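Just below is one structure, and these are the notes that go with it.
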Amino acid sequence: MIEIRGLCKHFDDFSALEDIHMTMESGKVYGLIGQSGSGKSTLLRCINGLTGYESGSLKVDGVEVSTLSGLEARRFRRDIGMIFQQFSLLKRLSVYDNVALPMRCWKYSKSEIDKRVTELLELVHIADKRDALPTELSGGQKQRVAIARALTMNPKFLLCDEATSALDPNIAETIMDLLSDINQQLGITMIVVTHQLSILKSSCEQVYLLERGRLVAQGDITSLFSTPPEALRRLMGSQEAVEPTGGGTVLRLLPTRQQAAQPILSRMARELGQDFSVLKADREQYRHGAVTYLIIEVPNGLLPQVRDWLKLRQIAWVTEPGGQTGKE
Ligand code: ADP
Ligand code: MG
């Protein structure tokens, strides 16, 4: 479990992290998002003890990270695997030797190393490449090797810093699937830093959003993206923004599964005697199920009737930015 209370981290007089509070339970997958420079990597470095912090508390399984030094710090870091966007493999070493490296540093016997590395290469589906050099591998294969290396010492935590950002979207998906399997099979707690929202949605349970070193939003992934708070809308920006075409108000309808199976839009149009433009509709896959949404444009003046109609049928909705009234 990771407990962070009032954490502050400065670089000279620049405040990289300010009053961060987080609680991460064992075995779950957490997403950490935010613009470039918002402090995500710095936070990961604080968690694995690679960088210190000025004030506040950061406890990993009850241990205050800043109090560790020497061998204790090395042992602590052994429990925290890390993977990066740029893979960070040693170019001159084979796949096998890259994965074996941490165990060699800890002076494990040859047979122990051999057993573990063989097992890990199978786990990440790259056993056939054991003698290849990193230059002979694709991006996805390199990241599989990096994942195997991160798991060598049986870590309790795996920190993934933009681990899929350098990969094609479909390869990124397969790597994320692999990480999800590892989380489920091995029960490793994961923190996934990513700017790829589809990756985030399909893999994480809880999300923390940083903005200029501050924690500005957090919560369960499905509810956070169903009714995104202001800061999340800013981050999604052009990625998901929908503009009204006819100057009306943009509403995002969030029907439940049962409601989504009904023709709600045509029913509402018929009963209110009004046509609505659909700006966007989708069914998004989250880790714990799918969410359907329907973004429509409501002519100004008709909003009160539409709200009443939706309320009566208990259909959830939220106004989108760009709409003219957008109050609730
Ligand atoms: P992110 O990973 O969200 O892109 P970082 O954690 O890398 O952001 O950086 C957060 C801020 O801290 C940035 O403004 C960055 O320039 C600054 N920063 C990071 N590391 C250092 C450092 N070693 N020295 C000075 N400033 C740093
Ligand atoms: Mg970063």
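Position 1 is the first residue of the sequence, and the numbers go up from there. Any value given below was found using the heavy atoms of this structure, including those in side chains, with hydrogens, waters and symmetry copies removed. Both counts, for ligands and for their atoms, begin at 1 and track the order of listing. Computed from a prediction, not measured in an experiment: that's the story for all the values here.
Near Q35, the atoms of ligand 1 lying under 4.0 angstrom from a non-hydrogen atom of the residue are 3 (O).
Side chain to side chain, T292 and D282 fail the donor-acceptor criterion of an N or O pair below 3.5 Å.
With a 4.5 Å cut-off on side-chain heavy atoms, D61 and I2 do not count as touching. Y53 is listed as a side-chain neighbour of V65, based on a closest heavy-atom distance under 4.5 Å. Put simply, the side chain of M268 does not reach to within 4.5 Å of the side chain of R270, judged on heavy atoms. For the pair E64/S57, a side-chain contact is recorded, criterion being any heavy-atom separation below 4.5 Å from C-beta on.
L43 and I83 fall into different hydrophobic clusters, where Ile, Leu, Val, Met, Phe, Trp and Tyr residues are linked whenever their side-chain heavy atoms come under 4.5 Å apart, directly or through other members. Note on L197 and I175: separate hydrophobic clusters, where clusters join Ile, Leu, Val, Met, Phe, Trp and Tyr whose side-chain heavy atoms are under 4.5 Å apart, directly or indirectly. By the criterion of side-chain heavy atoms lying less than 4.5 angstrom apart, applied directly or through intervening Ile, Leu, Val, Met, Phe, Trp or Tyr residues, L123 is grouped together with I126 in one hydrophobic cluster.
Within the 4.0 Å heavy-atom shell around ligand 1 one finds G39.
Residue G37 has at least one N or O atom closer than 3.5 Å to an N or O atom of ligand 1. Looking at F11 next to ligand 1, no N or O pair under 3.5 Å apart turns up.
Between atom CZ of residue R144 and atom CG of residue L179 there is a gap of 9.5 Å, rounded to the nearest 0.5 Å.
Comparing L210, D161, T42 against atom 5 (P) of ligand 1, the shortest heavy-atom distance belongs to T42. Counting heavy atoms only, K40 comes closest to atom 3 (O) of ligand 1 of the residues H10, K40, K9.
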Show your working on salt bridge (charged side-chain N to carboxylate O under 4.0 Å, His left out) between R104 and D97 and close with a plain yes or no. CA-CA 9 Å; R104 289 201 173 122; D97 289 336; 3.1 Å; yes

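Per-atom contact check: atom 27 (C) of ligand 1 touches the protein, criterion being a heavy-atom distance below 4.0 Å. For atom 16 (O) of ligand 1, the nearest protein heavy atom is 4.0 Å or more away.
Shown here are the protein N/O/S atoms lying under 2.8 Å from the Mg ion (ligand 2), water excluded: S41 OG.
With F276 as the fixed residue, the side-chain contact (heavy atoms from CB on, under 4.5 Å) test singles out one of L251, L294, L302: L302.
The single protein non-hydrogen atom nearest to atom 12 (O) of ligand 1 is F14 CE2, 3.4 Å, given as residue, atom name and distance. Counting only heavy atoms of the protein, atom 7 (O) of ligand 1 lies nearest to S41 CB, 3.8 Å.
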